[in-house]
**Q** 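Please read through the structure below; I'll follow up with questions.
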Amino acid sequence: ISPTRPEAALTRLPDVAPHTVIWLNEAQFYLDTADERGEKVAAALRELLRDEGKAPVLILATLWPEHWSALATRSRPGGADSHAQARELVSGKDISIPAAFPPAGLPDLARSSDPRIRAASAATGGEVTQFLAGAPELLARYENAPPAPKALLNAAMDARRLGMGEAIPLGFLEAATPAYLTDREWNALPDDWLRESLKYTGELCKGALSPLARNRPRPGRSAVPQEDTYRLADYLDQHARRTRRAVFPPPGFWAAAESHSRLGELAALGSAAACRGLLRQAGRLYKTA
């Protein structure tokens, strides 16, 4: 990868010997460059495959679909063909990877001796690979978040572990998040802190997962406008249930939960408050339910 991925590839490809596997992870960084180096790498790889003295050689490249499409699609007639070599390299050689594991295989993963695989087996919609690829970056994004986005995620984590459903109302997040900030942090926030915080928590990690994703309403499902809701990443949900098990949410959390929870969630939240000796909050939640 040094000094750059394309330059490193061009330097080392002449040294490749028979029985070599060349793995280009995130191959767009090697092939889709702003200058001619990407085409030089593609041409060198094609020449390597043609060299009978170097056979057998396997080139394995991983690409997100949008990057594969950019390389494999021919430029418009009359325009500059910026990916001619790369297109010859990748066209007709793609192996499409399913977006999700089939349901029949998930029970086997749940019995794995590897705790990471067991955790990934519960990923939404069988997206095991996305879970494994994005989980470390999800945790890093959370732990290194600025005060407001981290408070937003803490509120969402506590909501899920204490009884709120997967669809967390925006109104709850807006009302609960300030309770997780100190006076100094709250006073330093800009007026658009909620929008900026949702932007931070909504960015994809490894192109697959975001810490807190907006649930997009399906068209035609309801004639009545619905409040925006957000979904906490499965991995952060599991992480919070372990690391925040002994954490008591601030009083503002319970007030927001009372005002913004759905009927079926109020009793569960009330039980969570009662188990923590917060009888006044529990009583208000039970009464609202």
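These numbers were taken from a predicted model, which means no experiment stands behind them.
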**Q** CD of E52: more than 12 outside heavy atoms within 6.0 angstrom?
**A**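 Open: at most 12 neighbouring heavy atoms sit under 6.0 Å from CD of E52.
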**Q** Considering only heavy atoms from C-beta outward, does the side chain of Y286 approach that of L266 to under 4.5 Å?
**A**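 Side-chain contact under 4.5 Å: no.
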**Q** Check the side chains of D114 and S112 for a donor-acceptor pair under 3.5 angstrom, ignoring hydrogens and angles.
**A**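 No.
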**Q** Could you note down all residue pairs passing salt bridge (Lys or Arg N to Asp or Glu O under 4.0 Å) where residues 254-263 supplies at least one of them, sequence neighbours left out?
**A**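 Checked against salt bridge (Lys or Arg N to Asp or Glu O under 4.0 Å) - neighbours excluded - the pairs reaching residues 254-263 are E258-R284, R262-E265.
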**Q** Can any side-chain N or O of E185 pair as donor or acceptor with the backbone N or O of T182 at less than 3.5 Å?
**A**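 Checking the backbone N and O of T182 against the side chain of E185, a donor-acceptor pair under 3.5 Å is found.
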**Q** Minimum heavy-atom separation for T33 and G38, please, with both atom names.
**A**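 Nearest pair, atom of T33 first, then G38: OG1-N, 2.8 Å.
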**Q** Has K150 got its NZ or CZ under 6.0 Å from the middle of the six-membered ring of Y142, at an angle within 45 degrees of the ring axis?
**A**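 Yes.
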**Q** Please confirm whether the backbone N or O of Q85 pairs with a side-chain atom of E39, one donor and one acceptor, at under 3.5 Å?
**A**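 Checking the backbone N and O of Q85 against the side chain of E39, a donor-acceptor pair under 3.5 Å is found.
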**Q** What is the minimum heavy-atom distance between P169 and T229, and which atoms define it?
**A**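 Closest pair (atom of P169, atom of T229, distance): CA-CG2, 4.1 Å.
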**Q** Classify the side-chain pair H67/D32 by whether it contains a donor and acceptor separated by less than 3.5 Å.
**A**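 Short answer, no.
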**Q** Would you say that T201 contacts S210 through its side chain, given a criterion of any heavy-atom pair below 4.5 Å between the two side chains?
**A**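 Sidechains of S210 and T201: no contact.
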**Q** Would the number of heavy atoms belonging to other residues, nucleotides or ligands and lying under 6.0 Å from CD1 of I1 be above 12?
**A**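 Not buried by this count: 12 neighbours or fewer within 6.0 Å.
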**Q** Shortest non-hydrogen contact from A61 to A27?
**A**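 Shortest heavy-atom contact: CB-CB, 3.7 Å.
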**Q** Which residue pairs pass the salt bridge (Lys or Arg N to Asp or Glu O under 4.0 Å) test when at least one of the two sits in residues 243-253, sequence neighbours left out?
**A**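 Checked against salt bridge (Lys or Arg N to Asp or Glu O under 4.0 Å) - neighbours excluded - the pairs reaching residues 243-253 are D158-R244.
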**Q** Measure the CZ-CD1 distance between R231 and I168 for me, rounded to the nearest 0.5 Å.
**A**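 Reported to 0.5 Å precision, the distance equals 9.5 Å.
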**Q** Taking NZ, NE, NH1 and NH2 as the nitrogens, is one of them in D237 or R161 under 4.0 Å from a carboxylate oxygen of the other?
**A**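 Result for this pair is no, no salt bridge flagged.
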**Q** Around D183, counting heavy atoms of other residues, nucleotides and ligands shown, do more than 12 lie under 6.0 Å from its CG?
**A**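 No - once you tally the heavy atoms of other residues, nucleotides and ligands closer than 6.0 Å, there are 12 at most.
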**Q** Counting neighbours of CZ on R214 that are heavy atoms of other residues, nucleotides or ligands and sit closer than 6.0 Å, is the number greater than 12?
**A**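 Count over threshold, so yes.
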**Q** Keeping R160 on the side-chain end and A156 on the backbone end, is there a donor-acceptor pair under 3.5 Å?
**A**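 Side chain of R160 to backbone of A156, a donor-acceptor pair under 3.5 Å: no, none is there.
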**Q** Could you note down all residue pairs passing salt bridge (Lys or Arg N to Asp or Glu O under 4.0 Å) where residues 82-95 supplies at least one of them, sequence neighbours left out?
**A**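 Qualifying pairs, neighbours excluded: D81-R87.
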**Q** Do L198 and Y200 belong together in a cluster built from hydrophobic side chains that touch within less than 4.5 Å?
**A**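 Cluster IDs for L198 and Y200 differ.
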**Q** What pairs of residues pass the salt bridge (Lys or Arg N to Asp or Glu O under 4.0 Å) test when at least one of them lies in residues 2-23, not counting sequence neighbours?
**A**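 Passing the test, one end in residues 2-23: E7-R37, R12-D15.
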**Q** Going by salt bridge (charged side-chain N to carboxylate O under 4.0 Å, His left out), name the residues that satisfy it together with R195, two or more places apart in sequence or in a different chain.
**A**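 Salt bridge (charged side-chain N to carboxylate O under 4.0 Å, His left out) check on R195 returns D192.
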**Q** Could E137 and R141 be called an ion pair, given the rule that one side-chain N must be under 4.0 Å from one carboxylate O?
**A**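 Looking at E137 and R141, the cut-off is met.
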**Q** What I'd like to find out is whether the side chain of T62 reaches to under 4.5 Å of the side chain of I97, using heavy atoms alone.
**A**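 T62 does not reach I97 side chain to side chain.
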**Q** My understanding is that only residues two or more places apart in sequence, or in another chain, count here; which of them pass side-chain contact (heavy atoms from CB on, under 4.5 Å) with E26?
**A**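 So E26 forms a side-chain contact (heavy atoms from CB on, under 4.5 Å) with Q28, F29, W64.
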**Q** Hey, do the aromatic rings of F248 and F253 have their centres closer than 6.0 Å?
**A**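 No; F253 has its ring centre 6.0 Å or more from that of F248.
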